[in-house]
Visitor: 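Mind looking over this structure? Questions follow.
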Amino acid sequence: YDSVSGLVGSASCVRGRAWAGHHAPRPTGGPGGGRAPAGGNPGIAPPAGAASRRPATPVPAPSADLAGRGWVGFNGVEVPVSRSAGPGHVRPGLAWGFADTPLGALLAAVNIAVRANAPWGPGIFVPTIRDQVTGPGASALLAGCQVSYQQASQAMSVPAGQPLGRVYVTVEAFRWVAYTPSDATVDIVSTGSGALGTTVRAVTQIEVGWADGDWRVIAPPGGGWGKSGAQATSLYGYTVFPLPTAWKDGAVAPGPSTAP
């Protein structure tokens, strides 16, 4: 599940074989495949396996209204967006400006974590990590992305600074681990194609904190997303995002007026 977890968390630790799937088709089914019905239990659930960084705490789940939320394609990854909750500011490859609400925290966790990865090149992961990731592990996360990108770009003969390629992954579901108006932790399930066309799910735990007027991702322990990821075997207890309406970079329905 490494390549799937990588796009919402672990790509800084991924090497060769993860990039081999960057031209893989969008998942369409197979054993365990397809998307679960929308809905699910939005209550606080135990964090994702042994990789979790927070203990399960029985607190009420915050209300994150998904009405008006749309999708935008980012180099093959479908990420959720909202006109009301963000990102409010976008430019090619970068996205920031999220509402200080549960939905804003959720969207920030996904949008920032996806971009804080090596495949998109230093033009994306460097400013994302520098400006939107905080915590003791931020420097190590940036260094890991730089090493991963350098090794993969050389192995793939990709010109320096250019993206490594597209990675077809869908952000499928979420569940709250903890939430306050200044700090939130959420488990995010992402889905992609595995071996023999099967669908693979991975769950990554992401923490965000409110600082300087926006949500920022708290870097994972030691700067490695791999410690925050695990294979997802069930969507029980998760809230499933409504199906995307398009599979095309820049397609939003509805969302920010300018696509990242």
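This chain uses plain numbering: 1 for the first residue, then up along the sequence. These values consider heavy atoms only, across backbone and side chains, with no hydrogens, waters or symmetry-generated copies.
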Visitor: Going by the rule side chain to side chain contact (heavy atoms under 4.5 Å, CB included), which residues pair with Pro122 if we only count those two or more places apart in sequence or in a different chain?
Guide: Phe125, Val126, Tyr149
Visitor: Taking the side chain as C-beta and beyond, is there a heavy-atom pair between Ile218 and Val208 under 4.5 Å?
Guide: no
Visitor: Rounded to the nearest 0.5 Å, what separates atom CD1 in Ile188 from atom CD1 in Ile206?
Guide: 5.5 Å
Visitor: Any non-hydrogen side-chain atom of Gln205 less than 4.5 Å from a side-chain atom of Thr185?
Guide: yes
Visitor: Run the side chain to side chain donor-acceptor pair (under 3.5 Å) test against Ser234 and tell me which residues pass, sequence neighbours left out.
Guide: none
Visitor: For a 4.5 angstrom cut-off between non-hydrogen side-chain atoms, does Pro87 reach Val81?
Guide: yes
Visitor: For the residue pair Tyr238 and Val203, establish whether any side-chain heavy-atom pair is separated by less than 4.5 Å.
Guide: yes
Visitor: Show the atom names and distances, to 0.1 Å, of all donor-acceptor pairs under 3.5 Å that link a side chain in residues 92-103 to residues at least two apart or in another chain.
Guide:
from   : atom 1 : to     : atom 2 : distance (Å)
Thr101 : OG1    : Gly104 : N      : 3.0

Visitor: Using the side chain to side chain contact (heavy atoms under 4.5 Å, CB included) criterion, which residues pair with Thr180? Sequence neighbours excluded.
Guide: Ser182, Asp183
Visitor: Do the rings of Phe174 and Phe241 sit parallel, tilted or perpendicular, given the 30° and 60° boundaries?
Guide: tilted
Visitor: Are any of the side-chain heavy atoms of Arg115 and Phe74 separated by less than 4.5 Å?
Guide: yes
Visitor: Strictly by ring-ring contact (aromatic ring centres under 6.0 Å, His included), give each pair with a member in residues 193-218 just once, sequence neighbours left out.
Guide: Trp210-Trp215
Visitor: Does Arg201 reach the main-chain N or O of Val189 with its side chain, forming a donor-acceptor pair under 3.5 Å?
Guide: no
